Amino acid sequence: GTAQIGVTGLAVMGRNLARNFARNGFTVAVHNRTAARTRALVEEFGGEGTFVAAESPEEFVAALERPRRLVIMVKAGDATDAVIEEFAPLLEEGDVIIDGGNAHFADTRRREKELRERGIHFVGVGISGGEEGALHGPSIMPGGSAESYASLGPLLERIAAKAPDGTPCVTHVGPDGAGHFVKMVHNGIEYADMQLIAEAYHLLRTVAGYSPEQIAQTFRTWNTGRLDSYLIEITAEVLAHTDAATDRPFVDVVMDQAEQKGTGRWTVQIALDLGVPVSGIAEAVFARSLSGHAELREVSRSLPGPQPRPLDAEEAGRFADRVEQALYASKIVSYTQGFHQVQAGSEAYGWEVDAGSVAAIWRAGCIIRAAFLDRIRGAYDEQRDLPSLLADKQFAEEIGAAQDDWRDVVATAARQGVPTPGFAAALAYYDALRAERLPAALTQGQRDFFGAHTYRRTDREGSFHTLWGGDRSEVTAD
Ligand code: 6PG
């Protein structure tokens with residue numbers, strides 16, 4: 001075969017990824033279960049590069065140079081296993097199967113192990129950036145063996161987005177499922193970012209009394225500063241859009257029930273297993289599910305709330321500035337939590353993920369791309385084993401400078417009856433970490449009271465139990 005890479009599964013993501021490889025000078029074998037799609041791709045985009053259309057799995061495999069590199073772009077789940085089973089028997093030792101779908105990292109670990117035993121490399125790759133990213137340069141998060149990355153990396157570097165300093169947004173994240181794990185956390189952070197932006201919008205709309213167009217303008221201004229990011233940019237676009245059918249703001253005609261495909265939920269499920277407090281991401285997932293409970297919202301609509309107190313223009317402007325501070329501070333917390341999860345996953349699975357390189361490859365191409373990520377990369381560059389982003393001097397200073405306004409926004413939201421679970425959870429996380437003493441001591445006392453679950457003391461080593469039902473003397477446990 002002559003093709004350096006093959007793509008099977010030519011729905012929009014697969015098609016765009018194949019075109020991206022071809023546009024970068026690679027010969028690309030393309031295959032789809034229904035051959036009409038393969039033909040359509042070559043007919044429509046054949047001029048962009050060199051494609052080899054394959055009608056059957058055998059033809060597809062034969063079209064690839066060795067070691068073969070074939071990318072599977074099908075819906076994550078059973079379809080991935082089915083396609084692997086279709087191709088694996090046709091492959092030879094050293095060939096590489098690449099899964100570019102949004103797979104659960106546990107599935108990727110299982111597949112990698114099974115295929116490794118058959119002499120085939122399996123690389124789970126997180127790809128972010130949607131359809132446009134796939135075509136023009138996504139952020140790419142490959143796991144799998146270092147050996148497979150040596151053969152695959154140079155190709156991925158060509159098609160990946162380039163950070164402002166020119167570095168390709170791809171790195172070997174770590175073995176087996178590390179790439180899909182990091183993509184999962186990326187999506188969790190994406191949910192949190194979106195929720196925080198939504199809360200900022202809600203506050204500006206309800207408390208400041210701004211129109212969607214005014215809020216779009218506010219976001220455009222914010223986007224020239226430290227909040228500079230893709231999500232803020234597109235939010236301004238969405239808010240400024242007018243619905244053609246009704247001539248009303250688009251945001252007012254869309255059903256207010258947020259959906260999800262599941263990667264944010266996975267982030268939280270895994271965080272619970274790892275014991276990582278990703279409260280901001282969790283609130284974002286719950287906010288989406290709450291919005292979808294139409295029946296609960298219906299029966300709750302008449303519950304009492306505060307009288308809204310509209311602000312005058314000057315007050316509104318000052319409030320908007322404070323919302324910017326709250327948004328930025330909460331964003332620092334989301335990323336702190338997300339990176340904590342990356343590090344916890346890396347430790348639990350022995351991946352040795354470099355947090356700084358993860359921040360570096362999120363600087364362009366992906367949905368959460370932002371100027372901010374270069375700062376995170378810088379923080380990890382300065383201290384590779386930084387225990388928390390909040391331990392970075394600059395972030396600590398910024399969040400400290402924002403905290404008064406942040407508190408004011410959360411308090412105002414509570415007073416005016418605007419739900420801000422993301423801002424509030426982020427602030428609670430900040431305050432809990434700051435606290436000299438937490439009421440966890442009381443929790444331990446309660447656990448010991450009702451279940452003899454024991455506690456440790458601040459002044460002595462060991463585990464202790466108080467005889468609550470007896471004379472309340474203390475005994476040493478175990
Ligand atoms: C990306 C996105 C993408 C994700 C969608 C939809 O990085 O390109 O994260 O992978 O699937 O954004 O996610 P939800 O349907 O769960 O909102």
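Counting starts at 1 for both ligands and their atoms, following the listed order. None of the values given here were measured: they were computed from a predicted structure.
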Show, in sequence, the C-alpha distance, side-chain angles and deciding distance for Ser139 and Arg369, and conclude whether the side chain to side chain donor-acceptor pair (under 3.5 Å) test is met. CA-CA 9 Å; Ser139 169; Arg369 61 184 180 264; over 6 Å; no
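- If you look at Phe45 and Phe51, their ring centroids are not closer than 6.0 Å.
- For residues 24-34, the set of pairs meeting the side chain to side chain donor-acceptor pair (under 3.5 Å) definition, not counting sequence neighbours, comprises Thr8-His31, Asn20-Asn24, Asn32-Thr34.
- Tyr380 has its ring centre less than 6.0 Å from the ring centre of Phe339.
- Within 4.0 Å of ligand 1, protein heavy atoms belong to Asn102, Ser128, Gly129, Gly130, Lys183, His186, Asn187, Glu190, Tyr191, Gln260, Lys261, Gly262, Arg288, Ile367, listed by chain and number.
- A centroid separation of 6.0 Å or more is found between the aromatic rings of Tyr335 and Phe395.
- Between the OG1 atom in Thr108 and the CG atom in Asp99 there is a gap of 6.0 Å [rounded to 0.5 Å].
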